[in-house]
Amino acid sequence: MNWKLFYIVLGCLSIIPILGLRMFDNDLQKEKEGLSYINKNSLINTVTYLASPELEGRLAGSPGYYKAAEYASNIFSKIGLRPIDNNSYFQFFNVEYNEIKEPILFKLIDDKKSIEYKLGNDYVFRGFTGSGNVTADVVFCGYGLSDTQKGYDDYAGVNVKDKIVMVFKYNPKWKIGDSDFGNGNPREKAALAAQHGAVGILFVSLPNDIKPQKTIGSTVAGSGEQNVNFPELHIDLPVANDFLRNSGYTLKELQTKIDSLHKPFSTYLLPKAQIMVTAKYNKEQKTMNIIGVLPGTDEKLKDEYVILSAHLDHVGKQGDRIYFPGANDNASGSAALLEIAKAFQKAEIKPKRTIVFVLFSSEEAGLLGATNYVKNPIFPLDKTVAILNMDCIGYGDSIQLGNGKSAPNLWNMAKEIDKNNANFTVQNTWNGGGADASPFHDKGIPALYFVTTNSYEHLHYMTDTPETLNQPLFENITKLAYLTIYNVAMGNYNRETVIK
C-alpha cells in the first residue's frame, strides 16, 4: 500500500465536512447581512414618495404611474438587476384608461334650496365614469337589476327616460329559489340604466350592512363596452337620504322592504340632481409591469425561478382636487420588494435559483398585470417553483400568510421562519391564491400571499397615507418575505403540487 497516498486522501476527506460547514456558515452570514439592511425608515421613505401628490395615485397608464415605474426601474438598474429585453425592465401591455377631469360638480336641486356636495367626502366618481353635464329628476331603482328569468325587475312600473337613477352598489345577498344574483358590476348596472333611457347613475352602499362602505375610489368596472356619455357616481349614505327626505322613506327602510319581500320597490324622488364631469377615455392605453432579474448561480438550479411580486398601481385622482395615495395599497408591498432587492445586492448574495422581481400594473382593474405575465411569461411557468406576493402589508396588527391550504409546504416553511424571528404570523390562511397570486395559482404554481390582519380600514380612501402605517409590523413582514424568498432561492424548498 502507498501509505503516503492513503494519508493524503484521508486528509482531503477530513477537510470536506469542514469546507461544507464553512460554506454553510458563509450562507448564513450572507442571509443575516441582507436582513440587517431592511429597516422601517427606508421602507417609509419609499412609501412616502410612491404615495405623494406628485404620483397622483399611480393609476395604471397615467403620467403618475409612469413616474413610479421609472423610479422602480432606476433602482433595479442601480443595484444591477438584469433587464428582461433590450436593456428594458418593462413588460408592456394595453389597458382601458379613464382620466377624470374638471369641471366637476354634483348638486341636489329642489324648489327651496340647492346643496353642492364635496368631492371625496360626499361623493366620488366611479373610475370608469363617462362624461356628462345633466340636470334631471332622480328615481330610486333598488338594486338596479332586471332579470326576467328570475322574475325580478327594478325598472318595472317606473319611467327613467331622461332621468338619473339611484341604485344599490351591490347585489342582493338573498336568492330567488336556488338562484342568486351574482356579484354584479357597475358597468353592467350603468348599461342597464342607460338601456332604460337614464342619463346617469348614483351608486349607494347598502345601509343595513354592519359597517356600510363609505365612498371609495375604484377602477373595477366589469365586462362590456364603456359608455363615454354616462356619468357614474358613488354617493355617501347621508347624501342619498337628502334625496329621499320627501319620499316617506329612508334608505334603510327601502332596503329592508325589498330584502324582506324579495320584491322590487322603486320610487320617484322629488329633488333633481345636477352632475358635471369630463372623462377622457382610451380603450388601449399603454402600461407596464416592471421586472428585474437576479440570475441563479447553481448549475442545476439556475434555470428554476422564484418570483417576488407586488402591484405598483392604485386608483389615481379625480380632477385637480383629490387623489388616492394608496400607501398601504400597495406602496407598502412595492417598497418592500425594492428593499428586499437592495438587501440582496448590498449583501452580495448569490442565489442558487433565479429570482424574478416583479411590480405588476393594473391589479386594481382586475389583476391585469399578473394575468398578462401568466399569458406571456418571461420565464417558463413549469420552471417557476413559487411566487411570493405582497399586498397591503403596512397597516394592521399581525401577519397573515395566504394560500397556505393550496401550498402547505411553502406556508409551513414561512410560518416556521417567522416563529424563530418576529413570531407575528396568525394561523388563519386560505386557498385559491389571492390578488396577483391568483393567476399563478390557477396555473398550478405554488403561491404565498403576504398581507397583514385588519389591513383594510383605509382601503381606497384618501386617508390611506404613510402616517397610518404600523412601522414595526411593516418592517417585520418585509423581513419575513426576505427570509422566505432567500430560503426558496437557496434551494431549501422544492416545488410542491398545488392543492386546488
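Predicted model, so just to flag it, every value in this text is computed and none were measured.
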Heavy-atom check, side chain of Leu480 versus side chain of Thr425, under 4.5 Å: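 They are in contact (side-chain heavy atoms under 4.5 Å apart), so the answer is yes.
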Min side-chain heavy-atom separation Ile322-Phe324 under 4.5 Å: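 Ile322 vs Phe324: side chains touch.
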State, to 0.1 Å, how close [X] and [Y] come at their nearest heavy-atom pair, and which atoms those are.
{"X": "Asp259", "Y": "Tyr143", "value": "OD1-OH, 2.6 Å"}
{"X": "Thr287", "Y": "Ser362", "value": "CG2-OG, 3.9 Å"}
{"X": "Asp180", "Y": "Lys175", "value": "CB-CG, 3.7 Å"}

Check: residues 290-303 side-chain donor-acceptor pairs under 3.5 Å, at least two apart:
unit_1: Thr297; atom_1: OG1; unit_2: Pro351; atom_2: O; d: 3.0
unit_1: Asp298; atom_1: OD2; unit_2: Lys300; atom_2: N; d: 2.9
unit_1: Asp298; atom_1: OD2; unit_2: Leu301; atom_2: N; d: 2.9

If the threshold is 4.0 Å, N to carboxylate O, is there a salt bridge linking Arg353 and Glu304?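 Glu304 and Arg353: salt-bridged.
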Below 4.0 angstrom, N of the basic side chain to O of the carboxylate: do Glu96 and Lys283 qualify?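 Looking at Glu96 and Lys283, the cut-off is not met.
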Could Lys342 and Tyr37 be counted as a cation-pi pair, given that NZ or CZ must be under 6.0 Å from the ring centre and within 45° of the axis?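 No, Lys342 does not lie over the aromatic ring of Tyr37.
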Report yes or no: is the cationic atom of Lys169 (NZ for Lys, CZ for Arg) closer than 6.0 Å to the six-membered ring centre of Phe203, at no more than 45° off its axis?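 Judged by the rule, Lys169 and Phe203 form no cation-pi pair.
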Glu284: which residues meet the side chain to side chain contact (heavy atoms under 4.5 Å, CB included) condition with it, sequence neighbours left out?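 By the side chain to side chain contact (heavy atoms under 4.5 Å, CB included) rule, Glu284 matches Asn94, Asn282.
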Looking only at the side chains, is there a donor atom on one of [X] and [Y] sitting less than 3.5 Å from an acceptor on the other?
{"X": "Asn431", "Y": "Ser406", "value": "no"}
{"X": "His458", "Y": "Thr463", "value": "yes"}
{"X": "Asp329", "Y": "His311", "value": "yes"}
{"X": "Asp436", "Y": "Ser309", "value": "no"}
{"X": "Ser455", "Y": "Asn328", "value": "yes"}
{"X": "Trp411", "Y": "Asn403", "value": "no"}
{"X": "Asn45", "Y": "Ser42", "value": "no"}

Between [X] and [Y] (side chain of the first, backbone of the second, donor and acceptor by atom type, cut-off under 3.5 Å), is there such a pair?
{"X": "Gln471", "Y": "Lys40", "value": "no"}
{"X": "Arg126", "Y": "Arg187", "value": "no"}
{"X": "Asn289", "Y": "Phe90", "value": "no"}
{"X": "Asp154", "Y": "Leu145", "value": "yes"}
{"X": "Thr384", "Y": "Val306", "value": "no"}
{"X": "Asn376", "Y": "Asn372", "value": "yes"}

Could you check whether atom CG of Asn87 has more than 12 heavy atoms from other residues, nucleotides or ligands sitting under 6.0 Å from it?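 Counting other residues, nucleotides and ligands, CG of Asn87 stays at 12 neighbours or fewer.
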Using a 6.0 Å cut-off, check whether atom NZ of Lys500 has over 12 heavy atoms from anything other than its own residue.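 Enclosed: over 12 neighbouring heavy atoms sit under 6.0 Å from NZ of Lys500.
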Which pairs with one or both residues in [range] pass ring-ring contact (aromatic ring centres under 6.0 Å, His included), sequence neighbours excluded?
{"range": "residues 365-389", "value": "Tyr305-Phe379, Tyr373-Phe440"}
{"range": "residues 470-493", "value": "Phe344-Tyr482"}
{"range": "residues 43-69", "value": "Tyr49-Tyr71"}

Between Lys189 and Asn171, is the side-chain hydrogen bond (donor to acceptor under 3.5 Å, both in side chains) condition met? List the steps. CA-CA 10 Å; Lys189 289 192 176 187; Asn171 278 0; 3.0 Å; yes
If you apply the rule ring pair (Phe, Tyr, Trp, His ring centres under 6.0 Å), what do you find for Phe181 with Tyr152, and how did you get there? CA-CA 10 Å; Phe181 290 93; Tyr152 184 93; 5.4 Å; yes
Let's go through Asp236 and Asn121 carefully: what are the C-alpha distance in whole Å and the side-chain angles of both, what is the deciding distance for side chain to side chain contact (heavy atoms under 4.5 Å, CB included) to 0.1 Å, and is it a yes or a no? CA-CA 8 Å; Asp236 202 10; Asn121 294 330; over 6 Å; no
Angle between ring planes, His314 versus His460, binned at 30° and 60°: parallel, tilted or perpendicular?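 Perpendicular: the ring planes of His314 and His460 meet at over 60°.
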Kindly determine whether Tyr323 and Leu59 satisfy side chain to side chain contact (heavy atoms under 4.5 Å, CB included), including the steps that lead there. CA-CA 10 Å; Tyr323 82 103; Leu59 178 65; over 6 Å; no
Pairs satisfying salt bridge (Lys or Arg N to Asp or Glu O under 4.0 Å), at least one member in residues 461-482, at least two apart: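 Counting only pairs at least two positions apart or across chains, the salt bridge (Lys or Arg N to Asp or Glu O under 4.0 Å) contacts touching residues 461-482 are Glu475-Lys479.
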